[in-house]
Trainee: 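Structure provided below as structure tokens; questions to follow.
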Protein chains: 2
Amino acid sequence: MRQAILDAAIDTFARNPGASLSEIATRAGVGRASLHRHFASRADLIAAASQQCMDEIDAATAEALKDARTARDRLSRMLEAVVPLGDRYQFLVSETVDDESVRKRYEDELDWLAHLVDDLKAEGVIAADAPRSWAVANIDAQVWLAWSEVAAGRLAPAHAADLALRTLLEGLAP
Amino acid sequence: MRQAILDAAIDTFARNPGASLSEIATRAGVGRASLHRHFASRADLIAAASQQCMDEIDAATAEALKDARTARDRLSRMLEAVVPLGDRYQFLVSETVDDESVRKRYEDELDWLAHLVDDLKAEGVIAADAPRSWAVANIDAQVWLAWSEVAAGRLAPAHAADLALRTLLEGLAP
DNA sequence: GAAGTATGATACAATAATGTCTCATATGAT
DNA sequence: ATCATATGAGACATTATTGTATCATACTTC
């Protein structure tokens, strides 16, 4: 039950940071009193959800990257790991999360991506003239795009990360 | 003043559909009483903002597309017209807007994009094997990406649509 | 300067949301 | 079946938000 509440919170708060706890409880299929039994306050729920999202992303990323040798390898593996967690990302960047340590951690993540972009340029995977922040933003966007197309049933989970990588590097042209 | 309220509403509701009217008023730099003088209720404010966004997008799109001859031309001109209105798009797809006629209009827009994708494939601009919904979602994403990079001052407005088009079709590779 | 209009701050009533608590019922373990 | 625990529904007090209204002050027009 606790996880159902967290999942409902992540999903709902990502799109509406002002959503009521009643709405979260309803979406989780539990009573509001039960929600309060698991999470003493709104802030507690958000903090727990934030922690879970960050832990999941960190674990998936660390596991995926441990054997990566090239920057391109890192990018590919990162996408494989993170696309299934697109909704977790979305929650963390939403206005719901207003915690300084989460902010810091997210900024570290962006920093890591920026360095990855630098390495991709050095390897000639990404064009040297592509604005760095533009490349970072596009990587982030592909994560969410792939996740939401899978969630909508319009894309097979097994192909999502590959398609995101291909679109990111080669675009949609033939 | 009325426009300042609408702009604040569009900007704020896009990210937090549950934002309070006090917050909107503050961001608009007006008193809450003044907000109510212009918009009798929350729903009225949202309806007016929705109408404005749709009108702006429709006008810009119609103007941009009137001389387009190829599908690629249409795409390029659509991006030029719509990137500066990325925040308007974001507002319309947010959970704030819960109006059936707006929903319908947005779906018509997606339908138009899907047909554009078909034409782009027929012209060989987009790969025939690219999933249709994937292409549509990527076009939408590039609008928002370009808009937000410009808003953050990381991208020059004059280059945004071009960069979006290039990234969409050719990706980030050299 | 005078008159008319607009505005922000504030108060108020009504409603919604939050956190706390109780109780009848459901669920799980034995 | 019995007992212990968990749960949802609802009540309650408090806080936040919304819509309405008032008033002193600011602003605009002449």
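Here is the naming used below: chain letters follow the sequence lines, and residue numbers restart at 1 for every chain.
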Trainee: Taking only residues two or more places apart in sequence or in another chain, which ones pass side chain to side chain contact (heavy atoms under 4.5 Å, CB included) with A/E95?
Mentor: A/P17, B/R15, B/N16
Trainee: Could you state the CZ-C1' distance from B/F39 to D/dT20, rounded to the nearest angstrom?
Mentor: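 Checked: the CZ to C1' distance equals 18 Å.
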Trainee: Taking for each residue the nucleotide of DNA chain D with the nearest heavy atom, is it B/S22 or A/G29 whose nucleotide lies nearer the 5' end?
Mentor: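 Mapping each residue to its closest nucleotide by heavy atoms, the 5'-most match is A/G29.
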Trainee: To the nearest angstrom, how far is B/M1 atom CE from D/dC27 atom P?
Mentor: 12 Å
Trainee: Taking CZ from A/R42 and P from C/dT18, how many angstroms apart are they, rounded to a whole number?
Mentor: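 It is 5 Å, rounded to the nearest whole Å.
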Trainee: A/I5, A/F13: one ILVMFWY side-chain cluster at the under-4.5 Å cut-off?
Mentor: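 A/I5 clusters together with A/F13.
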Trainee: Could you tell me how far apart A/L21 (CG) and D/dG10 (P) are, to the nearest whole angstrom?
Mentor: 19 Å
Trainee: Could you tell me whether the side chain of A/T12 and the main chain of A/I24 form a donor-acceptor pair under 3.5 Å?
Mentor: no
Trainee: Grab the CD1-P distance between A/I24 and C/dA17 for me, whole Å please.
Mentor: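 Rounded to the whole Å, the gap is 12 Å.
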Trainee: Once you round it to whole Å, what is the distance between P of D/dT17 and CG of B/N16?
Mentor: 11 Å
Trainee: Can we say B/D99 and B/R103 salt-bridge, meaning some charged N sits less than 4.0 Å from an Asp/Glu carboxylate O?
Mentor: no
Trainee: Nucleotide by nucleotide, 5' to 3', does protein get under 4.0 Å of the base (B), only the sugar-phosphate (S), or neither (-) in nucleotides 20-27 of chain C, counting heavy atoms?
Mentor: BBB-----
Trainee: Rounding to a whole Å, what distance do you find between B/H38:NE2 and C/dA6:P?
Mentor: 9 Å
Trainee: Describe the nucleic acid contact of B/G18 in one word from base, sugar-phosphate, nothing, applying a heavy-atom distance below 4.0 Å.
Mentor: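 Touches nothing.
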Trainee: Under a 3.5 Å threshold, yes or no: a donor from one side chain and an acceptor from the other, between A/T96 and A/S94?
Mentor: yes
Trainee: Tell me: CD of B/E23 to P of D/dT18, nearest whole Å?
Mentor: 10 Å
Trainee: Between A/N138 (side chain) and A/W134 (backbone), is there a donor-acceptor pair under 3.5 Å?
Mentor: yes
